[in-house]
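First comes the structure, then the notes that go with it.
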Amino acid sequence: MMKSAASYLERERCPLYTAIKVIEGRWKPMIFQRLGRGGLGFGQLRRSMPGVTVKVLRQQLRQLEAEGLLKRLPSPKAGLRVRYELTPHGQTLGPVFEALWSWGAVHLARIKDAGRAEGLHRNEEPNRPTG
């Protein structure tokens with residue numbers, strides 16, 4: 001077996017890689033955040049995420065549905081054709097996203113502090129000889 005084939009096989013069996021693969025995507029964390037508050041129609045989701053295209057949102061919703069993390073239901077509300085909701089399995093990702101959120105907040109603060117410290121060093125005037 002080639003080394004790269006073994007690497008792919010290892011990745012496919014890795015629980016962490018599998019989890020990242022399921023939630024990766026520019027809009028998936030935001031989809032989870034919004035659906036964590038309750039079911040929404042497609043248009044409601046799209047309007048709540050400025051910048052997402054219809055094509056990409058539809059694609060990411062289908063991926064999440066295929067993974068069993070959300071379900072597409074007929075909407076009881078007039079005017080809405082379907083509503084998306086997290087499945088019980090999808091809801092188990094809530095604590096994962098909360099942990100990632102907390103870690104990200106700490107990391108952003110470190111980056112900001114490091115940038116501030118670097119900026120202070122860059123803006124300092126070198127010691128000039130007097131006289």
Side-chain angles (χ1 to χ4, degrees):
M1 182 184 298
M2 291 176 33
K3 189 174 185 176
S4 63
S7 174
Y8 284 118
L9 187 58
E10 181 181 358
R11 257 194 322 190
E12 291 302 316
R13 292 180 181 165
C14 174
L16 183 58
Y17 177 79
T18 300
I20 290 169
K21 193 168 90 173
V22 168
I23 64 172
E24 75 179 342
R26 182 174 181 183
W27 301 99
K28 286 180 184 178
M30 288 182 243
I31 292 169
F32 273 99
Q33 180 196 31
R34 279 137 178 97
L35 293 181
R37 298 182 209 143
L40 293 170
F42 183 86
Q44 293 170 312
L45 270 172
R46 190 163 114 16
R47 284 188 298 277
S48 74
M49 296 186 293
V52 68
T53 65
V54 169
K55 178 184 174 185
V56 170
L57 179 58
R58 188 173 289 128
Q59 183 179 58
Q60 294 201 353
L61 287 168
R62 285 180 181 157
Q63 290 168 358
L64 293 169
E65 187 177 12
E67 293 287 348
L69 301 175
L70 63 83
K71 56 189 169 186
R72 191 173 176 237
L73 304 165
S75 178
K77 292 185 180 180
L80 291 177
R81 287 183 264 179
V82 296
R83 190 178 75 194
Y84 293 92
E85 291 181 1
L86 294 177
T87 64
H89 184 57
Q91 291 172 0
T92 64
L93 279 167
V96 173
F97 280 113
E98 287 175 22
L100 286 170
W101 179 282
S102 295
W103 184 89
V106 169
H107 188 66
L108 283 172
R110 288 188 62 179
I111 291 170
K112 184 178 176 183
D113 289 344
R116 189 178 302 127
E118 185 178 310
L120 289 174
H121 292 300
R122 253 188 275 135
N123 292 332
E124 288 178 354
E125 293 268 332
N127 289 336
R128 294 185 183 182
T130 56

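Please read all numbers here as calculations on a predicted model, not as lab measurements.
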Query raised in the report: Does Thr53 reach the side chain of Leu57, with side-chain heavy atoms less than 4.5 Å apart?
Result: no
Query raised in the report: Mind checking whether Phe32 and Leu64 have side chains closer than 4.5 Å, heavy atoms only?
Result: yes
Requested in this report: Starting from Leu16, walk the hydrophobic network (Ile, Leu, Val, Met, Phe, Trp, Tyr; side-chain heavy atoms closer than 4.5 Å) and list everyone else you reach, by chain and number.
Outcome: Ile20
Report task. Could you walk me through whether Arg58 and Phe42 pass the side chain to side chain contact (heavy atoms under 4.5 Å, CB included) test, one step at a time? Result -> CA-CA 8 Å; Arg58 188 173 289 128; Phe42 183 86; 4.2 Å; yes
Query raised in the report: Which pairs count as side-chain hydrogen bond (donor to acceptor under 3.5 Å, both in side chains) when at least one residue sits in residues 87-97, sequence neighbours excluded?
Result: none
Requested in this report: Could you list all the side-chain hydrogen bond (donor to acceptor under 3.5 Å, both in side chains) pairs where at least one residue sits in residues 26-42, not counting sequence neighbours?
Outcome: Lys28-Gln63, Arg34-Ser48
Query - Partner residues of Glu65 under the side-chain hydrogen bond (donor to acceptor under 3.5 Å, both in side chains) criterion, sequence neighbours left out - result: none
Query raised in the report: Only one of Leu61, Leu69, Leu86, Val52 forms a side chain to side chain contact (heavy atoms under 4.5 Å, CB included) with Ile31, so which one is it?
Result: Leu61
Report task. Determine whether Val96 and Leu70 fall in the same hydrophobic cluster, where Ile, Leu, Val, Met, Phe, Trp and Tyr are linked whenever their side-chain heavy atoms lie under 4.5 Å apart. Result -> yes
Report task. State plainly whether one hydrophobic cluster holds both Trp101 and Leu93, where clusters connect Ile, Leu, Val, Met, Phe, Trp and Tyr through side-chain heavy atoms under 4.5 angstrom apart. Result -> no
Query raised in the report: For the atom pair CD (Glu67) and CZ (Arg62), what is the distance rounded to the nearest 0.5 Å?
Result: 15.5 Å
Review item, side-chain donor-acceptor pairs of residues 102-115, under 3.5 Å, at least two apart:
unit_1	atom_1	unit_2	atom_2	d
Ser102	OG	Glu98	O	3.2
Asp113	OD1	Arg116	NH1	3.2

Requested in this report: Please name all residues satisfying side chain to side chain contact (heavy atoms under 4.5 Å, CB included) with Arg13, sequence neighbours left out, ordered by chain then number.
Outcome: Leu9
Report summary line: What one should report as the nearest heavy-atom pair of Leu35 and Tyr84 is CD2-O, 3.3 Å
